[in-house]
Visitor: 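Pasting a structure here, questions to come.
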Amino acid sequence: MLVGKVITSASVFWPGTLEKISAEQFMLSIRNQKILAVLRWAKYIDLQFSDFHVFIHLRMSGDLVIKEHPYSPEKHDRIVFTMEDGNFLVFNDTRKFGRVWLTSNPEDVIGNLGPEPFSPDFTPAELHAKLISHHRMIKPLLLDQSFLSGLGNIYSDEALFLSKIHPQRNSDTINLDEAVRLYQAIQVVLNNGIEHNGASIDWVYRGGSFQNHFHVYARENQPCQFCGTPIIKIVVGQRGTHFCPVCQPGIPSGHF
DNA sequence: AGGGAAACCCGAACGC
DNA sequence: TGCGTTCGGGTTTCCC
């Protein structure tokens, strides 16, 4: 849909969206450049041009959509690309959390990403080896994009629930069986998310229906769908963390 | 090395 | 009704 299209110009309405490049330099660089490929690396969209890449991270509230001519910029539009065919590629982002890079060196943006969960090279054994090579609480480790790429807060909570692992377990206490369960749970949760076009949470609705299939996320005090115990919400690594205290046992609660 | 905190943002949903 | 406060996502940066 985008491959082969030429960007004739770009308007930057919120310069804060751009990382490490001025709006002027960005608009100048992208003029009359053809999109050669559209790729994805974990949470990053990669628009490939002949001399550089444009990476886009939607974060929470970002949206990248094609608008047909005629189109006038709307509220929260941060960057609008005009294409040669007259249509527009619009980056809209309510919370201004999304980021855009223009760089000739992709390593600058995606160089530190850990393995993709769906990569053929990523196996349960490798996950186990990586887990026990760290001494960290497992949930923040799963959120660490340099450890494993692509999991966010929702998917981490859901994957830990499905694999029956407490979010505060230390990574080097995870045995091989548990790592296998976690590996499988990650695949299941991500596939579900993709199948339902992602999740819209909070009041920022961007499509998707995975929010209707959560087991623990945003279900504080509601019964566990397996055992009926109320789901607990705590804060781990500054992140809201939801789990079933019965299905995911095993955290010493910190007095000793 | 790990972990905590703060910063970046907005607007819904509170409490008073 | 109209204030003020809290919240949450992903990431970076700083500090212990």
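Below, read A as the first sequence line, B as the second, and so on, with proteins coming before strands; counting in each chain starts at 1.
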Visitor: Nearest whole angstrom, please: distance from the C1' of C:dG10 to the CZ of A:R239.
Guide: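 One finds 6 Å between C1' of C:dG10 and CZ of A:R239, rounded.
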Visitor: To check you understand the geometry: which heavy-atom pair defines the closest contact between A:M83 and A:L2, and what is its length?
Guide: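 Distance-wise, the nearest heavy atoms are SD-CD2, 3.8 Å.
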Visitor: In whole Å, what is the span from the CZ atom of A:F214 to the P atom of C:dG9?
Guide: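 Going from CZ in A:F214 over to P in C:dG9 covers 10 Å.
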Visitor: A:E220 CD to C:dC7 P: how many Å, rounded?
Guide: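 For the pair A:E220 CD and C:dC7 P, the rounded distance is 11 Å.
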Visitor: Is any side-chain N or O of A:K75 closer than 4.0 Å to OP1 or OP2 of B:dG11?
Guide: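 Yes, A:K75 has a side-chain N/O under 4.0 Å of OP1/OP2 on B:dG11.
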Visitor: Less than 6.0 angstrom from the centroid, inside 45 degrees of the normal: does A:K130 satisfy that with respect to the ring of A:F147?
Guide: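 So A:K130 does make the cation-pi contact.
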Visitor: At under 4.0 Å between heavy atoms, how does the protein contact nucleotides 3-10 of chain B? Give one character per nucleotide, 5' to 3', with B, S or -.
Guide: S-BB-BBB
Visitor: Using whole Å, report how far CG of A:L131 lies from P of B:dG2.
Guide: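 About 12 Å, once rounded to whole Å.
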Visitor: Measure from NZ on A:K233 to P on C:dG9 and round the result to the nearest Å.
Guide: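 It works out to 7 Å between those atoms.
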Visitor: Is the distance between the ring centroids of A:W41 and A:F55 under 6.0 Å?
Guide: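 Between A:F55 and A:W41, the centre distance exceeds or equals 6.0 Å.
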Visitor: For A:N112 and C:dT11, what is the distance between atoms CG and C1' respectively, to the nearest whole Å?
Guide: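 Taking CG of A:N112 and C1' of C:dT11, I get 12 Å after rounding.
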Visitor: Would you kindly give the NZ-to-C1' distance between A:K43 and C:dT12, to the nearest whole Å?
Guide: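 These atoms are roughly 14 Å apart.
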Visitor: Membership question, hydrophobic clusters at under 4.5 Å side-chain separation (ILVMFWY): are A:M60 and A:Y217 in the same one?
Guide: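 Yes: a chain of side-chain contacts under 4.5 Å links A:Y217 to A:M60.
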Visitor: Check A:F243, A:F161, A:F210 against A:H215 for a ring pair (Phe, Tyr, Trp, His ring centres under 6.0 Å) and give me the one that passes.
Guide: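 Testing each of A:F243, A:F161, A:F210 against A:H215, the sole residue satisfying ring pair (Phe, Tyr, Trp, His ring centres under 6.0 Å) is A:F161.
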Visitor: Please state how far atom CG in A:D93 lies from atom C1' in C:dT11, giving the value in whole angstrom units.
Guide: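 Roughly 14 Å, once rounded to whole Å.
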Visitor: Looking only at heavy atoms, which two atoms of A:I231 and A:C244 are closest? And how far apart?
Guide: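 Looks like CD1-CB, 3.9 Å.
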Visitor: Among pairs that include at least one residue of residues 170-187 of chain A, which meet salt bridge (charged side-chain N to carboxylate O under 4.0 Å, His left out), considering only residues two or more places apart or in two chains?
Guide: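 Residue pairs with at least one partner in residues 170-187 of chain A: A:R169-A:E178.
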Visitor: Is the distance from OP1 or OP2 of C:dG10 to the nearest side-chain N or O of A:Y155 less than 4.0 Å?
Guide: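 Answer no for this pair, as no side-chain N or O of A:Y155 is under 4.0 Å from OP1 or OP2.
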Visitor: Do the side-chain N or O atoms of A:H57 get closer than 4.0 angstrom to the phosphate oxygens (OP1, OP2) of C:dT11?
Guide: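 Looking at the OP1 and OP2 atoms of C:dT11, one of them is under 4.0 Å from a side-chain N or O of A:H57.
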